[in-house]
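In what follows, a structure is listed as structure tokens, so that the remarks can point back to it.
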Amino acid sequence: MRHGFRMSVGADPDGVGKVSAAFAGFAQTHALPEAVRRSVNVTLDELLTNAISHGTAAVDASLLTVEVELDLERLTVTLTNDGSPFDPFGQPAPDTTLSVDDRPIGGLGIHIVRELMDEVSYERRDGHNVVVLVKQLVE
Amino acid sequence: MRHGFRMSVGADPDGVGKVSAAFAGFAQTHALPEAVRRSVNVTLDELLTNAISHGTAAVDASLLTVEVELDLERLTVTLTNDGSPFDPFGQPAPDTTLSVDDRPIGGLGIHIVRELMDEVSYERRDGHNVVVLVKQLVE
Amino acid sequence: MEISTRASNDIRIVVIAGNLDSTTSPAAQKALDAVLAGAKKVALDFAQLDYISSAGLRVLLGAAKQQRASGGTLRIFGLNQSVREVFEISGFSSILAVYPSEADALGAM
Amino acid sequence: MEISTRASNDIRIVVIAGNLDSTTSPAAQKALDAVLAGAKKVALDFAQLDYISSAGLRVLLGAAKQQRASGGTLRIFGLNQSVREVFEISGFSSILAVYPSEADALGAM
Ligand SMILES: Nc1ncnc2c1ncn2[C@@H]1O[C@H](COP(=O)(O)OP(=O)(O)O)[C@@H](O)[C@H]1O
Ligand SMILES: Nc1ncnc2c1ncn2[C@@H]1O[C@H](COP(=O)(O)OP(=O)(O)O)[C@@H](O)[C@H]1O
């Protein structure tokens, strides 16, 4: 038994909002565990906003594609964009022990994704950034 | 000759985005002067985000209604919500002469609206806040 | 997301319901800025907060810095398991004042 | 709204195209924070910026404060008439470093 959906949106804040709403609807339809739904919604917000915030003038992402596949054991999310090559999981982890005053704003998103998901991977394929995220439905 | 539109959206960020996009489309269709379009888009962003940010637990706005009327001389925008009574134009103007370091974040939105629009008014009517804004098409 | 405020003695309580992400954080930031400008003691009621992303953490960090600079207090209570997890992962549990319940948060404020 | 960055010698230029309002400000803030964390000299190219609301001003003020604190520079150029008007109304023309052209902005940086 497999369910899923696939959607492409413009690489802008409205597009991020649409994906967020679509996933929340899918999660409700399939009665996903709350913890899974929330973790995936957070992950989508992190990685999609990155794709629209951190482009370079040379190769900006213009389209964000999200593919969600659900089977009995796991949820798999594949994010594809045509932006400049960027491996989110090649980044060092931020220092999360700094105090309120010393803590820089930013740099947390990818770290959160890595912790919330069970498996993360990145590949550059046919001029696209392809990120695959897996969340187990049972711990 | 009169043109216009009316729409109601949920009192949330998605609703604000929808109104902004709808107005931009209307402005394009009717070839509104750029300065008018931009001033009205800024105004909508200020007043609609206020309605969703500054509620009280007692009476929160749940629905935001926007009515736009265009005639040969002016554009009239009427904003209605069912939130707690609040007259935006009863506020004192902020101090806009403070330096970067001393300037508080916030408190600019209503001031900007007052300056960008040619006429502004507020009325509490049948349990609703009704704000009417007029922008002349020719200076 | 919906934001509302209520008062308990001299403490202002901001209720954030729904989620705090890149779509909703500007509204939350506006609301918080306005409350912080007028109150020294502020508590955030997260009992109806569904999830938070780093866009929401950014707003909280800004608010915490501001309260610290102005000598005010900012306390947070009512986190669900997912919000708590994001707080742990990001180190926010140790830099923000998180309380298990409203009574605890308002207690010695 | 679309954000991109480019470099001119040791100056990082952030191009913000479209509008800077409550919908787009989180993406702009993220982009700016990341650039400011890695560059002392930053210029904002507003030539393709259509309009700005106070949500956008909030992001600019935060960026200006941060650069000031870290001893960096932040310059802005290419404002259209509407953006300029909002800057005037809000007093931002006198607190932010606004230049008429890119050449002027990058000139003595
Ligand atoms: N899609 C992307 N393209 C290019 N650079 C990126 C991308 N996503 C993230 N980055 C870089 O990685 C850094 C860390 O990202 P993240 O952990 O999400 O924090 P933030 O975006 O808040 O800075 C960013 O500041 C940016 O420099
Ligand atoms: N719809 C509203 N309901 C209640 N209070 C409001 C509303 N709109 C504005 N206010 C109050 O007026 C203040 C000034 O609003 P504004 O000039 O838009 O700046 P900001 O919203 O950024 O603080 C707000 O901080 C808030 O206290």
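Below, chains carry the letters A, B, ... as their sequence lines are ordered, and counting in each starts from 1. Just so it is clear, the values below take in all heavy atoms, side chains as well, and ignore hydrogens, waters and symmetry mates. These figures come from a predicted structure and were not determined experimentally.
For the pair Thr96(A) and Ile89(C), the tightest heavy-atom approach, listed with the atom from each and the gap, is CG2-O, 3.8 Å.
Between Leu47(A) atom CG and Ser53(C) atom OG the span is 11.0 Å, to the nearest 0.5 Å. Distance CD1/Ile52(C) to CZ/Arg38(A): 12.5 Å, rounded to 0.5 Å. Tyr51(C) OH to Leu116(A) CG: the interatomic distance, rounded to the nearest 0.5 Å, is 12.5 Å. Distance check, rounded to the nearest 0.5 Å: OG of Ser54(C) to CG of Asn50(A) gives 7.5 Å.
Looking at Asp21(C), its side chain never comes within 3.5 Å of a backbone N or O of Asp45(A) through a donor-acceptor pair.
Atom CD of Gln91(A) is surrounded by more than 12 heavy atoms from other residues, nucleotides or ligands within 6.0 Å.
No part of Arg114(A) comes within reach of chain C, as not one of its non-hydrogen atoms sits under 4.5 angstrom from that chain. Contacts of Thr49(A) with chain C are made by side-chain atoms alone, with heavy-atom separations under 4.5 Å and no backbone atom involved. Within the 4.5 angstrom heavy-atom criterion, only side-chain atoms of Glu85(C), from C-beta onward, approach chain A. With a 4.5 angstrom heavy-atom cutoff, Asn19(C) does not touch chain A via any of its atoms. The part of Leu57(C) that comes within reach of chain A is its side chain, from C-beta onward, which places non-hydrogen atoms under 4.5 angstrom from that chain.
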Just do the side-chain contact (heavy atoms from CB on, under 4.5 Å) check on Val86(C) and Ile112(A) with the steps written out, would you? CA-CA 7 Å; Val86(C) 170; Ile112(A) 291 174; 4.1 Å; yes

Tell me, with the steps shown, if Ser82(C) and Glu34(A) meet side chain to side chain donor-acceptor pair (under 3.5 Å). CA-CA 9 Å; Ser82(C) 300; Glu34(A) 291 219 306; over 6 Å; no

Going by atom type alone, with no hydrogens or angles, which donor-acceptor pairs under 3.5 Å involve a side-chain atom of residues 15-29 of chain A and a protein atom two or more places apart or on another chain?
from     : atom 1 : to       : atom 2 : distance (Å)
Thr29(A) : OG1    : Gly25(A) : O      : 2.9

